[in-house]
Amino acid sequence: MEIVAKDRAGSSAQLAEPALGLPVRDVLALPTLAGARVLAGAGGLDRVVRRLNVMEVPDILPWVKPHELLLTTGYPLRHDPGSLVELVAELDARGLAALAIKLHRYLDAVPPQMLAEADRRGFPIVEFPDGVGFDDVLNEVLTELLNRQAAVLTRSEEVHRALVSVVLEGGGLEDLVAELARILGGPVMVTNPDGRVVARAGDAAELARLARGEWFDATGRFRVERGPAASYAVVPVVAGRVDHGRIVAFAPAAVTDADVHCLERAATVAALAITKRLAVAAVEDKYRADFLRDLVTGRLDDVPAAVAYARTFGWELERPVVVVVAELDADVPAPARGGLAGPGSGPGGPGEARPVRERFAAAWQTVVRSRDPRAPVVNFNDEVVTVVGVPADGDVDRLVAELDRLVRGDGGIGRRTFSLGVSRVAAAPQRLPDAYEQARKAIRIGRRLSGTGARASFDRLGVHRLISLIPDVVELRVFVDDVLGELASDGPEQADLRHTLEVLLDTNCNVAEAARRLHFHYNTLRYRITKLERAVGPFMTRAPLRLDLALALRVLDLRGL
């Protein structure tokens, strides 16, 4: 940033500009400008001044920059006062803060049309007090800007030292957030890239009020597009080009530039704390995942000893549980919406997202921990496995649906669809291998039947459950060939006839209803029925044959034979 002052010859002097600025109203309160009058645009007195520029050449527009206070005697425009109306629009479009004019030298009055345009745009036009030179204004405003910057930098450095001390003394993210809330005097939260709060500090009542407010969606994710913008600040936490989330600070009144500077320094320290925690967690999670994988795949012989050892991780397996397997769906584009942009985006977030599988596992861990802290949740790389306790009311479907809803959220940017498989209730730890296999079968069958984003319970798969339990693939293929005959081949005509047959079976051989669903003429469908009966037999009149055909179609669809 820079302050640029131009003289009549067009030369310029560049000075380092403070990162912080002064509202126009504060500039006008400085002693040098004590006698200044606001001629128009009083609604824009909160515009921020970060630069000063002197206009004494006709072609000033290519040189102006946002947040400038433009000083002029009107010399370049003395022969064409009417052009000042267009000048207001151009300066406002370029983001200038205000225009200060010294009258009675080259211009005796500001044209009324110019004042009207300034009022309409909320662009302040100020009349210089008599006897004040441009150099006096430049010196005083620049001094004030530098003083404010120095104060902010001093405070920011103190905050940085305090937060670094917290980390060096072994404190974690929670301690860091608590110290930051104490310094800023308001609630502070750290979220992951998806908006889930991973640490918070501040007044408990205020935190509860915020959690119920419009800053959070129904799934508990923080979103930045809601709430008064002046009441909070959001700063990305990025380390090594990886987006680790956001620091969100709420102010008692309004967030200042100084608060934002403190948060930016805090984000660096938070990235250090998060990186350290992730490194430790990665080793621990790998060990836990290997242990649970051995348990649910039946590789551990001494199950009681394994259950006792699991308690050292905080897991309780000696109770009725269900195994839930969650898998990300492949090659599904991420949906988009406004708000806290999901991974790697978000307000000002230049970093890349953590690997999607890591974030997926972290989301399940966060959600399940809030509902059942004793439930294992581990990442098997291709799938996230949860062994969750059966709720007191025994309603497993309700529990799984709630977990599913909370993890899916409302489809923020960067999130991927996933499918779920749910096992039967395992009454004892010895049944965990069976339950794990049931959940994996449920997710596989659910995807076959419902596509991506499916949620399937093993107990609700009906005849598909029985088919999945038959290990002899060769015998299943023989059954399909015997029942479907030539329709079992892979040609497009055969696939089309199988679809017609499936619709007929689904409608209980109601020809009129099947024709409506297939968008066929009634006579066309009658012709197809004749063709089908030549291939598979008189299924329209023989119920046992219809049962065999329905089973063969299910086997072909489910097992991909």
Considering non-hydrogen atoms only, spot the tightest contact between [X] and [Y] and give its length.
X	Y	value
Met189	Val197	SD-CG2, 4.1 Å
Leu484	Arg498	CD1-CD, 4.3 Å
Pro538	Glu533	CA-OE2, 3.5 Å
Pro429	Leu317	CG-O, 3.6 Å
Leu295	Ala306	CD1-CB, 4.2 Å
Leu207	Pro187	CD2-CB, 3.7 Å

Between atom [atom1] of [X] and atom [atom2] of [Y], what is the distance when rounded to the nearest 0.5 Å?
X	Y	atom1	atom2	answer
Leu292	Leu432	CG	CG	8.0 Å
Trp364	Asn379	CH2	CG	12.5 Å
Leu497	Glu502	CG	CD	13.0 Å
Ile445	Phe458	CD1	CZ	7.0 Å
Arg374	Arg369	CZ	CZ	15.0 Å
Lys441	Tyr436	NZ	OH	13.0 Å

**Asked** Is the backbone of Gly453 close enough, under 3.5 Å, to the side chain of Asp329 for a donor and an acceptor to pair up by distance?
**Response**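 Checked: pair present.
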**Prompt:** Can you tell me if Ser419 uses its side chain to pair, donor with acceptor, with the backbone of Thr452 under 3.5 Å?
**Reply:**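 Between the backbone of Thr452 and the side chain of Ser419 there is no qualifying donor-acceptor contact (under 3.5 Å).
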Any side-chain heavy atom of [X] within less than 4.5 Å of one from [Y]?
X	Y	value
Leu532	Leu487	yes
Thr500	Leu525	yes
Leu173	Val198	yes
Leu328	Arg357	yes
Ile247	Leu180	yes
Gln494	Asp490	no
Lys531	Glu493	yes
Asp397	Arg460	yes

**Asked** Stepwise, does the salt bridge (charged side-chain N to carboxylate O under 4.0 Å, His left out) test hold for Asp372 with Arg319?
**Response** CA-CA 13 Å; Asp372 185 358; Arg319 54 175 178 159; 3.0 Å; yes
Looking at residues at least two apart in the chain, or sitting in another chain, which of them share a side-chain contact (heavy atoms from CB on, under 4.5 Å) with [X]?
X	value
Asp175	Val166
Ala456	Ala442, Leu461
Pro391	Asp393, Val396, Arg398, Leu399

[X]/[Y] ion pair, N-O < 4.0 Å:
X	Y	result
Arg517	Glu513	yes
Asp203	Arg209	no
Arg447	Glu327	yes

When the side chains of residues 542-550 are checked against the rest of the protein, which donor-acceptor pairs come out under 3.5 Å, sequence neighbours left out?
{"from": "Arg546", "atom 1": "NH1", "to": "Phe539", "atom 2": "O", "distance (Å)": "2.9"}
{"from": "Arg546", "atom 1": "NH1", "to": "Met540", "atom 2": "O", "distance (Å)": "3.2"}

**Message:** Tell me which pairs pass salt bridge (charged side-chain N to carboxylate O under 4.0 Å, His left out) where either residue lies in residues 298-308, with sequence neighbours left out.
**Reply:**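 Salt bridge (charged side-chain N to carboxylate O under 4.0 Å, His left out) check on residues 298-308 returns Asp294-Arg299.
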**Prompt:** Step by step, would you call Arg311 with Glu318 a salt bridge (charged side-chain N to carboxylate O under 4.0 Å, His left out)?
**Reply:** CA-CA 10 Å; Arg311 292 194 181 97; Glu318 205 163 22; 2.8 Å; yes
**Request:** Go through the side-chain N and O atoms of Arg246 and Thr191 and say whether any donor and acceptor fall under 3.5 Å apart.
**Result:**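 Note: Arg246 and Thr191 side chains miss the donor-acceptor criterion.
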**Message:** Go through it in stages, so that I can follow the logic: the residues are Arg477 and Val480, the test is side chain to side chain contact (heavy atoms under 4.5 Å, CB included), and I'd like the CA-CA distance, side-chain angles, deciding distance and then a yes or no.
**Reply:** CA-CA 5 Å; Arg477 180 72 241 189; Val480 169; 3.9 Å; yes
**Asked** With sequence neighbours left out, what residues match Tyr309 under ring pair (Phe, Tyr, Trp, His ring centres under 6.0 Å)?
**Response**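 Applying ring pair (Phe, Tyr, Trp, His ring centres under 6.0 Å) to Tyr309 gives Phe291, Phe313.
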**Asked** For Gln365 and Asp285, what are the C-alpha separation, side-chain angles and deciding distance, and is it a side chain to side chain contact (heavy atoms under 4.5 Å, CB included)?
**Response** CA-CA 11 Å; Gln365 289 164 355; Asp285 289 347; 4.2 Å; yes
**Request:** Go through Leu553 and Leu501 one step at a time and tell me if the side chain to side chain contact (heavy atoms under 4.5 Å, CB included) criterion holds.
**Result:** CA-CA 9 Å; Leu553 290 172; Leu501 177 60; 4.2 Å; yes
**Request:** Might you work through the side chain to side chain contact (heavy atoms under 4.5 Å, CB included) test for Asp496 and Arg528, ending with a clear yes or no?
**Result:** CA-CA 10 Å; Asp496 188 39; Arg528 284 198 166 213; 2.6 Å; yes
**Prompt:** With under 30° as parallel and over 60° as perpendicular, where do the rings of Phe418 and Phe360 fit, or are they tilted in between?
**Reply:**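 Rings of Phe418 and Phe360: tilted, 30 to 60°.
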**Message:** Out of the candidates Val377, Val378, Leu420, only one should pair with Val384 under the side-chain contact (heavy atoms from CB on, under 4.5 Å) rule; please name it.
**Reply:**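 Running side-chain contact (heavy atoms from CB on, under 4.5 Å) over Val377, Val378, Leu420 with Val384 returns exactly one hit, Val377.
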